[in-house]
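Below is one structure, written out as structure tokens, with a few remarks after it.
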Amino acid sequence: MDKFVIQGGTQLRGDVTVSGAKNAALPILAATLLTDAPVVLHGIPNLADLTAMCELLGDLGVSISRENSTTLRCQVQSTDNSHACYDRVRKMRGSICVLGPMLARRGYARVGMPGGCVIGSRPIDLHLRGLRALGAEIELDGGDIIAKTDRLRGASVFMGGPFGSTVLGTANVLMAAVLAEGVTIIESAACEPEVEDLVDVLNAMGAKITGGGTSRLIIEGVRELGGVEHTIIPDRIEAGTFMMAAAITGGEVNVRNARIDHLYAVVDKLRDAGLHVESAGGGLTVAAGQRLTPVDVTTHPYPGFPTDLQAQLMALLCLVDGNSAIIEKIFPDRYMHMAELLRLGANIRKEGPVAIITGVESFVGAPVMASDLRASAALVLAGMAGRGETEVRRVYHIDRGYERIEEKLRPLGAKIQRTKE
Ligand code: EPZ
């Protein structure tokens, strides 16, 4: 296993480029199951989660070849195997989004039922309810979801849940509805840019969807879809992470390929805290420069502040003089990073989903353990801002969602090395 060894205390300065969005690429890769024609995708980052998705699609009969470092060519070659086994789904929960397209195209899908995970309970009841509304017969057998249909039929489907609309649930039902007979209306659809990117891909393949990026998707089913060539949107979470890296180290970084229209809530909070954030030349520049002030943040579905940047923001707020509050509304237990930040000298109290952060002068380097993808990013940020040496162990978590993060941070001045544990 690899670890990062970080010498803290340098201000990050310079330009860094954001890769394609993992969470857009995952469902879009699953959409390749909807057609026999070739699908060419540009801007696919080299990430462990996407490699896992490609391996799963390989099991399901999709041949995938790499045309260059960021372009994949995908085409269904066989429909003999429609079983996404638990071992695959367990390692990468995004693989649940093969369920909808496989059911729609093949009339049958067997997918391992994902369990809980370290960021909390991750049910899929809304996915199943949506597919049932389209007429799928669904049962559980041996820990697998078995979904069958003669032909799906359009219906009204409500995708809101106790913590807001579900992103992958919306993607799953949408991909099933594009080949259903008649009109489907998805109410309370997730509005995340990753869902909108999926809508754009599906429409370019011949689907008839209106309302992408809004909470009401109207889908007129078609009999078949064709191929497409598409470039994945930039990763707003990677962009936000680099913005916070500039902030926490007191530096100035131009985050290229960051889309401000995907990051308004984040930009707003960073400006509230006293950072200078400017949109220029297809990117965002973040500059520290003055004393920061505490902020209160609640995570919400898009366009609210994203849960996927909550851990990184917490690391930043740990060094802001005064009391800040974070309320985690999407995954109320997503605070695994807190214990490790405490090891670095942070002052945080938690009451249920609310964390109160009292700023300290500095982090003090120590060995810490990455527990999940975004928690690991928070620890890297803390290590770069801290005094002395921080070791972040189990960096395979970070490799799931950040493409060679240390190679992107080093040119900015970060002292970060990958070594064997
Ligand atoms: C997506 O997960 C992302 N993953 C997550 O990013 C992200 O944190 C999450 O959306 C929220 O933005 C991918 O896109 C691959 P949800 P998803 O269904 O779709 C509840 C990362 O770090 N819910 O939108 O699985 C659920 O428990 C990852 O890159 C139900 O109750 O999340 C949560 O409270 C981690 N029933 C809320 O809805 C359901 O059937 C939102 O979850 C489904 C979800």
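When a ligand or atom number is given, it counts from 1 through the structure's own listing order. All of these numbers come straight from a predicted model, not from anything done at the bench.
- Contact check for Leu319 versus Phe363: side-chain heavy atoms found under the 4.5 Å cut-off.
- Contact annotation: the side chain of Gln75 never approaches that of Thr32 to less than 4.5 Å [non-hydrogen atoms, C-beta and beyond].
- Contact of the Met159 side chain with the Val157 side chain is registered, since non-hydrogen atoms from C-beta on lie closer than 4.5 Å.
- Ordered by chain and residue number, the residues placing a heavy atom less than 4.0 Å from ligand 1 are Lys22, Asn23, Leu26, Ile119, Ser121, Arg122, Pro123, Ile124, Asp125, Leu126, His127, Pro162, Phe163, Ser165, Thr166, Val167, Leu168, Thr307, Asp308, Ile330, Phe331, Arg334, Leu373, Arg374.
- Residues Tyr402 and Lys22 form no side-chain contact, since every pair of their non-hydrogen atoms from C-beta on lies 4.5 Å or further apart.
- Side-chain contact check for Val253 versus Val286: every heavy-atom pair is 4.5 Å or farther apart.
- The side-chain heavy atoms of Ile326 and Ile357, taken from C-beta on, include a pair separated by under 4.5 Å.
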